[in-house]
Amino acid sequence: MLFVPAWFLLGISIYYGDLVARHAISLIYVGSDTATHVHRSINENFGSQILWLKWSVGIMAVWLALYVFWWMYFREVAEE
């Protein structure tokens, strides 16, 4: 069940990454007055992208640790 929120958070990170790319492309077409605002927006969105990526990877790491723990101690081995 931990995969559902991890994938959701990963989707949020991808969304912010897309915003970073769109703002970076928009820098080509804007004047120097607006460039400062666009740079600030890129920095904020990049920070959000990294934050949500870290949360997503953290949840996946917790899931993996729990799975390995279960696999080592509670898995039933079929005996032949």
Side-chain angles (χ1 to χ4, degrees):
M1 285 305 281
L2 286 176
F3 263 148
V4 174
W7 281 104
F8 180 74
L9 296 177
L10 189 60
I12 294 173
S13 175
I14 291 169
Y15 169 76
Y16 280 110
D18 181 57
L19 287 179
V20 168
R22 289 174 187 260
H23 285 125
I25 291 171
S26 74
L27 279 174
I28 298 170
Y29 301 106
V30 298
S32 61
D33 297 336
T34 313
T36 304
H37 173 69
V38 174
H39 282 153
R40 187 176 305 116
S41 179
I42 287 174
N43 286 337
E44 290 171 3
N45 289 332
F46 183 70
S48 295
Q49 178 190 15
I50 297 299
L51 172 72
W52 293 113
L53 180 65
K54 286 179 181 179
W55 275 102
S56 175
V57 170
I59 290 173
M60 288 184 187
V62 168
W63 174 85
L64 181 61
L66 291 173
Y67 179 75
V68 168
F69 179 77
W70 170 83
W71 185 74
M72 289 173 53
Y73 297 109
F74 297 106
R75 179 178 58 116
E76 301 221 4
V77 179
E79 295 182 20
E80 293 182 30

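- Under the 4.5 Å side-chain contact rule for hydrophobic residues, I14 and V4 do not share a cluster.
- Here the CG atom belonging to L9 is positioned 10.0 Å from the CG atom belonging to L53, to the nearest 0.5 angstrom.
- To the nearest 0.5 Å, atom CH2 of residue W55 and atom CZ of residue F8 are 14.0 Å apart.
- In this structure, the separation between NE2 on H37 and NE2 on H23 is 6.5 Å, given to the nearest 0.5 Å.
- Nearest approach of I59 to P5, heavy atoms of both residues: CD1-CB, 4.5 Å.
- In terms of hydrophobic clustering, with Ile, Leu, Val, Met, Phe, Trp and Tyr side chains grouped at heavy-atom distances under 4.5 Å, L10 and I50 are assigned to different clusters.
- Contact detail for I42 and V20: the closest heavy-atom pair is O-CG2, 4.0 Å.
- For R22, the salt bridge (Lys or Arg N to Asp or Glu O under 4.0 Å) partners are D18, not counting sequence neighbours.
- Crowding of Y15 atom OH: a count of heavy atoms from other residues, nucleotides or ligands under 6.0 Å not exceeding 12.
- Residues W52 and L2 fall within the same hydrophobic cluster, defined by Ile, Leu, Val, Met, Phe, Trp and Tyr side chains chained together at heavy-atom separations under 4.5 Å.
- Judged purely by atom type and a 3.5 angstrom limit, S41 has no side-chain atom pairing as donor or acceptor with the backbone of V38.
- Both M60 and F69 are part of a single hydrophobic cluster, where members link through side-chain heavy atoms under 4.5 Å apart.
- The 12-atom threshold is not exceeded at CH2 of W71, counting heavy atoms of other residues, nucleotides or ligands nearer than 6.0 Å.
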Check step by step if ring pair (Phe, Tyr, Trp, His ring centres under 6.0 Å) holds for Y67 and W63. CA-CA 6 Å; Y67 179 75; W63 174 85; 5.4 Å; yes

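- Contact between A6 and S56 at its shortest, heavy atoms only, is O-OG, 2.8 Å.
- One hydrophobic cluster, built from ILVMFWY side chains closer than 4.5 Å, holds both Y73 and L64.
- A donor-acceptor contact shorter than 3.5 Å links the side chain of S48 to the backbone of E44.
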